[in-house]
Amino acid sequence: MAYPFKEIEPKWQAWWEKQGTYHAKDPSETGQEKFYGLIEFPYPSGEGLHVGHPRSYTAIDIISRKRRMQGKNVLYPIGWDAFGLPTENFAIKTKQPPAKVTAKNVANFTRQIKMLGLGFDWSREINTTDPEYYKWTQWMFIKFFDSWFDEKMQKARPMAELVVPKEVEDRGADAVREYRDSKRMAFKQKTVINWCPKDKIGLANEEAAGGVCDRCGGPVEKREKEQWMLRITAYAERLIKELDQVDYLEKIKTSQVNWIGRSEGALIDFVIARNPMTKQSTVDCHAPSNSARNDSVVKVFTTRPDTLFGATYMVLAPEHPLVAEWLESGAIKNVKEVKAYQTKANKKSDLERQENKEKTGVELEGLKAINPATKKEIPIWIADYVLSGYGTGAIMAVPAHDERDFEFAKKFKLPIMEVVKAPALDKVFNADVSVSEALQGEFRVKADCWVGEGIATNSEFLDGLETSKAIEKMIVWLEKEKIGEKKVTYKLRDWVFSRQRYWGEPIPMVHCDHCGWVPIDESELPLLLPEVKAYEPTDTGESPLATIKDWVKAKCPICKGPARRETDTMPNWAGSSWYFLRYCDPHNQDHFASDFALKYWMPVDLYNGGMEHTTLHLLYSRFWYKVLFDLGHIPSSCGNEPYKVRRSHAMILGEGGIKMSKSKGNVVNPDEMVEKFGADVFRTYEMFIGPYDMDAPWSDKDIQGVRRFLDKVWAVGQANLEHQASKTDGKTRTLSVPGVDAEDSQPYDLVFHQTIKKVGEDIDGLHFNTAVSQLMILTNELQGKALRSLDFRSYIKMIAPFAPHLAEELWHQLGNENSIHLEAWPEYDETKLVVESVTVAIQVNGKLRGEVKVKIDSDQATVQPAAEQEPSVKKYLDGQKVKKVIYVKNKIINFIV
RNA sequence: GGGCCAGUGGCGGAAUGGUAUACGCAACGGACUUAAAAUCCGUGGCCGCAAGGCGUGUGGGUUCAACUCCCACCUGGCCCACCA
């Protein structure tokens with residue numbers, strides 16, 4: 001009997017909407033506990049819904065439905081992350097306003113999501129491009145601008161609480177402003193940015209990973225630009241440490257930690273000598289420290305300060321500010337060569353750097369650095385294998401102990417000194433002998449000699465624990481001598497927050513010649529995104545907003561003098577960094593959400609999203625939340641992490657296991673699937689397709705199996721409805737099964753209660769595929785059987801989260817008027833799970849030889865004789881001496897002969 | 001180069017250290033039908049007539065017992081990548 005989804009599904013979708021079945025209850029009107037389930041709100045692209053979207057939406061829908069049936073007040077909201085490039089690019093191409101494109105896409109997505117019967121609370125729908133929404137994004141930006149990071153307290157605090165040091169104050173108003181600006185959580189900085197020449201847009205490091213534009217896939221260049229930045233690096237430590245408080249998949253935590261990239265080491269000062277005494281860095285252990293010649297210091301970061309003795313040269317990133325300084329002061333002799341190299345390195349995209357890892361570099365002639373441990377003069381080079389953005393942008397090169405340095409040294413014939421014999425280092429420090437003494441004594445340093453390839457990584461010194469001990473001692477020594485200090489660095493960089501594009505939130509700042517950057521008055525929010533004639537980005541690197549003269553012209557909120565609006569917009573990540581807060585109280589006019597609502601709903605109980613967002617969105621939104629939390633905009637009872645649990649879904653691949661793509665022509669359209677099979681089959685199939693956290697290929701054949709399954713459920717439902725009716729009207733129906741007495745135990749009882757147990761546990765554990773298979777097993781068992789009326793109700797309830805329309809229909813046919821989705825989730829009866837007998841497997845020497853049916857919980861004394869008598873076993877035991885018998889109750893008995 | 005994950009029938013996939021292959025797909029045999037589709041019943045790891053043997057990527061190890069735990073490796077996928 002086929003399940004008539006075409007009539008049934010639209011009917012109930014309309015009814016749920018009218019009834020508000022899935023609306024979260026106002027916390028002031030209920031004493032219920034809350035459950036906040038969240039999926040990453042979609043970007044409404046022109047492509048429409050991908051079959052991958054419903055996989056996670058349905059999964060969290062199922063959990064939300066179960067929680068609701070378990071008595072929770074459920075918040076399962078939906079909205080649109082609608083600012084951003086694809087829409088803007090499409091708008092440019094088709095010459096339409098992006099807002100219009102967005103509205104169209106949202107309408108299409110809404111239609112598609114609604115046809116799937118997902119239990120979203122549409123009364124809380126939000127849209128990041130809605131001024132009522134981005135008003136608060138802008139408001140939050142102002143809060144970022146108006147706060148600073150207190151290192152001691154490890155938290156953001158309002159600007160008003162920043163104490164300006166006396167000596168700064170003495171230097172006047174400009175100095176104070178500069179000081180304050182240097183501390184802000186949102187600040188403007190000239191940075192080398194990743195520039196995509198095709199999209200004409202600055203990209204965050206995260207969006208330019210691999211030297212390739214995240215948007216268009218083209219190569220990325222470097223450009224210098226003043227950009228708004230958010231000081232996420234200040235939170236690096238907390239973003240790692242506070243992961244302790246949350247339940248994320250371990251791999252998610254790992255990738256966050258790796259992305260932040262914490263490393264411990266030391267900052268070491270290298271004094272720079274001009275007019276060096278020696279051309280060659282030959283051994284000169286007692287080079288006089290003539291401070292008159294030493295006019296600057298280069299700080300390097302290293303994780304291996306213990307190898308300092310082996311530092312035979314130094315390398316700066318080509319962009320290192322000191323290089324420019326030295327060029328200007330004439331300290332560098334080979335100016336032409338150095339400048340040429342700088343230009344070349346600057347033009348090179350990250351992609352080219354990656355493809356060609358051949359080391360290049362130029363020595364800075366006329367300068368030497370002094371190795372603070374050996375006191376020897378060492379050459380200074382610039383090379384693009386040193387990155388300006390990490391550490392100090394300068395390294396001490398230890399070719400004997402670092403592969404990259406080794407390669408470089410080999411190529412440019414630089415000295416390689418191996419630091420050997422860790423025990424000697426112990427002696428040096430314990431005996432308190434001077435370093436130069438150590439050099440001549442046990443501490444052997446091979447100077448100016450070539451060592452064979454491979455030795456760099458095979459040194460005894462690198463083995464075992466000695467390294468970490470040596471590092472510790474070295475740092476103690478550096479700090480004592482005041483030439484270095486312990487230092488922690490991170491790969492994480494500050495968040496580039498400006499985009500030179502149209503379709504984003506305007507940054508609510510104006511620039512005044514007198515007062516500098518000033519936020520607009522909060523009463524002027526939202527600062528509306530004005531309409532422009534052309535959305536194309538300009539070649540000058542300015543946003544199209546810059547072309548609207550009237551809009552750019554503004555008044556300084558402080559001095560009322562003429563000012564100029566910021567014309568850059570915010571990145572796509574802005575709106576998605578806090579949307580889960582707005583869901584708590586989406587219609588609030590006075591605040592982004594009331595404390596009352598936040599206290600009730602936050603934190604999110606279950607957040608699901610793709611692995612592709614674990615390093616960007618997840619990190620950004622945790623950071624954003626922490627800043628708001630620190631500033632007191634989120635009640636402290638919510639805790640300082642926004643998401644209690646984070647899980648990830650995997651992809652649905654095309655048939656054959658390759659990624660779906662238009663070019664491959666293997667894209668499955670949800671519209672067609674729902675048209676053909678209905679929403680319930682589609683949902684249930686996506687849950688059955690495989691383990692939730694693993695990629696799984698779509699199969700047009702397999703979905704048929706799920707259709708058959710729901711047809712069977714429908715048939716069981718219809719048969720039992722007739723049976724229930726016959727009890728009332730006394731007519732004989734198609735069922736040949738006798739009436740069911742509520743007191744009698746039924747042949748289906750065991751499987752039935754096993755199913756209640758397993759389905760419940762599997763939903764909670766996100767094992768949807770095995771939950772569906774268990775429902776299949778039960779449904780097969782129930783073929784042609786009449787159920788107790790209570791069991792029939794429980795059966796429909798178990799189906800309800802997976803196939804909500806079908807279940808609702810059966811429920812109403814049964815004479816109920818309320819929604820099944822508001823009914824209580826069934827509970828299993830422990831006593832019904834007890835079986836009387838079990839089959840015990842019999843092994844001889846670990847090989848399966850037979851089985852025997854025995855009463856449950858039989859002891860060895862009962863089972864062993866029975867097992868020995870089994871004919872299939874007996875022949876293996878006859879004439880053998882049984883050495884040992886292992887018996888595992890209700891499972892197995894193993895004879896060792 | 002680094003990190004993470006996976007490898008089980010023809011296919012998607014099940015298995016708290018205890019009878020490997022549940023559930024589904026495809027296949028095959030049968031029923032129903034004028035016929036097909038749909039539906040229903042049945043069969044099924046591999047070799048072998050059988051007894052039996054062999055089987056969860058490969059090789060070791062721990063154990064009475066390993067898909068499961070440990071070590072080494074192979075293959076595939078994803079992410080990151082000159083991060084000092």
Side-chain angles (χ1 to χ4, degrees), chain A residues 1-2 209-211 249-252 254-255 257-259 261-263 265 300-305 307 311 315 317 350 353-354 356-359 383-387 389-398 401-405 407-408 489-493 611-612 614-615 650-651 653 655-659 685 688-691 693-706 708-709 711-712 715 767 769-777 779-780 783 839-851 875 883-897:
Chain A
M1 203 185 302
L249 288 179
E250 211 43 55
K251 61 176 173 178
I252 296 176
T254 309
S255 58
V257 169
N258 289 345
W259 189 265
R262 182 184 199 274
S263 35
V300 303
F301 173 73
T302 176
T303 54
R304 293 292 308 276
T307 62
V315 189
D350 280 351
R353 278 199 192 192
Q354 250 169 60
N356 184 7
K357 287 188 180 177
E358 176 75 20
K359 299 275 180 295
D384 65 7
Y385 85 93
V386 172
L387 309 171
Y390 182 74
T392 62
I395 61 157
M396 63 179 211
V398 187
H401 299 286
D402 182 283
E403 274 182 61
R404 295 151 302 179
D405 297 344
E407 230 181 273
F408 191 82
T489 57
Y490 304 91
K491 286 187 209 170
L492 185 71
R493 322 251 177 109
M611 279 306 287
E612 70 275 19
T614 51
T615 44
M651 272 187 294
L653 306 169
E655 298 221 37
I658 37 166
K659 216 170 156 172
Y685 171 60
F688 187 60
I689 196 166
D693 56 353
M694 303 248 244
D695 290 352
W698 181 272
S699 161
D700 277 338
K701 293 273 190 209
D702 287 4
I703 193 172
Q704 302 270 3
V706 175
R708 280 181 206 137
F709 162 58
D711 284 348
K712 280 189 204 170
H767 306 301
N769 55 330
T770 49
V772 173
S773 81
Q774 183 63 37
L775 286 168
M776 286 172 167
I777 291 169
T779 303
N780 290 340
Q783 291 299 307
T839 304
V840 171
I842 308 163
Q843 293 183 338
V844 179
N845 286 340
K847 285 202 188 302
L848 183 71
R849 296 300 182 191
E851 54 185 37
K875 60 183 173 188
K883 288 190 218 135
K884 196 175 168 190
V885 179
I886 292 120
Y887 174 62
V888 181
K889 202 193 271 177
N890 302 330
K891 294 248 165 83
I892 203 158
I893 183 160
N894 190 4
F895 295 92
I896 310 301
V897 296

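Everything quoted here is computed from the prediction, not taken from an experiment. Just so we're on the same page: letters track the sequence lines, and every chain starts at 1. Only heavy atoms go into these numbers, but all of them, side chains included; no hydrogens, no water, no symmetry mates.
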Quiz item: What distance do A:Ile896 atom CD1 and A:Lys883 atom NZ have between them, rounded to the nearest 0.5 Å?
Solution: 8.5 Å
Self-check item: Options B:C82, B:C23, B:C64, nucleotide nearest the side-chain atoms of A:Asn780
Solution: B:C23
Quiz prompt | Assigned glycosidic conformation for B:G13 [threshold 90° from 0] | solution = anti
Quiz item: What is the nucleic acid contact for A:Lys889, judged by heavy atoms within less than 4.0 Å: base, sugar-phosphate only, or nothing?
Solution: nothing
Quiz item: Which one of A:Thr614, A:Leu492, A:Thr254 satisfies the side-chain contact (heavy atoms from CB on, under 4.5 Å) criterion with A:Trp259?
Solution: A:Leu492
Exercise. Would you please confirm or rule out a distance under 4.0 Å between OP1 or OP2 of B:A26 and any side-chain N or O of A:Arg708?
Key: yes
Self-check item: Interatomic spacing from CD in A:Glu358 to CZ in A:Phe408 - rounded to 0.5 Å
Solution: 11.0 Å
Quiz item: Under a 3.5 Å cutoff on both atom distances, Watson-Crick or G-U, what's the dot-bracket for RNA chain B ([ ] crossing, | other strand)?
Solution: (((((((..(((.....[....))).(((((.......))))).(((....)))..(((((..]....))))))))))))....
Exercise. Would you indicate, yes or no, if B:A84 has its OP1 or OP2 atom less than 4.0 angstrom from a side-chain nitrogen or oxygen of A:Ser263?
Key: yes
Quiz item: Short question: side chain of A:Gln843, backbone of A:Ile892 - any donor-acceptor pair under 3.5 Å?
Solution: no
Quiz item: A:Arg849 or A:Ile777: which one's nearest nucleotide on RNA chain B is closer to the 5' end?
Solution: A:Ile777
Quiz prompt | Contact under 4.0 Å: A:Arg304 side-chain N or O vs B:A84 OP1/OP2 | solution = no
Self-check item: Between B:C4 (C1') and A:Glu612 (CD): distance, integer Å
Solution: 15 Å
Quiz item: How many Å lie between CG on A:Asn845 and P on B:A65, as a whole number?
Solution: 9 Å
Exercise. Please name all residues satisfying side-chain contact (heavy atoms from CB on, under 4.5 Å) with A:Ser263, sequence neighbours left out, ordered by chain then number.
Key: A:Phe301, A:Thr303, A:Tyr390, A:Thr489
Quiz item: Which part of the nucleic acid, if any, lies within contact of A:Ser699, taking any heavy atom under 4.0 Å across all strands shown: a base, the sugar-phosphate backbone alone, or nothing?
Solution: nothing
Quiz item: Do A:Asp402 side-chain atoms and A:Ala397 backbone N/O form a donor-acceptor pair below 3.5 Å?
Solution: no
Exercise. Please work out if A:Lys712 contacts a base, only the sugar-phosphate, or nothing of the nucleic acid, heavy-atom cut-off 4.0 Å.
Key: sugar-phosphate
Exercise. Could I get the full list of ring-ring contact (aromatic ring centres under 6.0 Å, His included) partners for A:Tyr685, not counting sequence neighbours?
Key: A:Trp698
Practice problem: Spell out protein contact along nucleotides 11-19 of chain B as letters: B when the base is contacted, S when just the sugar-phosphate is, - when no protein heavy atom is under 4.0 Å; keep the 5' to 3' order. | Solution: -BSSSB-BB
Exercise. Could you list the residues that satisfy side chain to side chain donor-acceptor pair (under 3.5 Å) with A:Ser773, not counting sequence neighbours?
Key: none
Quiz item: When all nucleic acid strands are considered with a 4.0 Å heavy-atom cut-off, which category describes A:Lys491: base, sugar-phosphate, or nothing?
Solution: base
Quiz prompt | All side chain to side chain donor-acceptor pair (under 3.5 Å) counterparts of A:Lys712, not counting sequence neighbours | solution = A:Asn780
Exercise. Would you classify A:Lys847 as touching base, sugar-phosphate or nothing, given that sugar-phosphate means primed atoms plus P, OP1 and OP2, and contacts are heavy atoms under 4.0 Å?
Key: sugar-phosphate
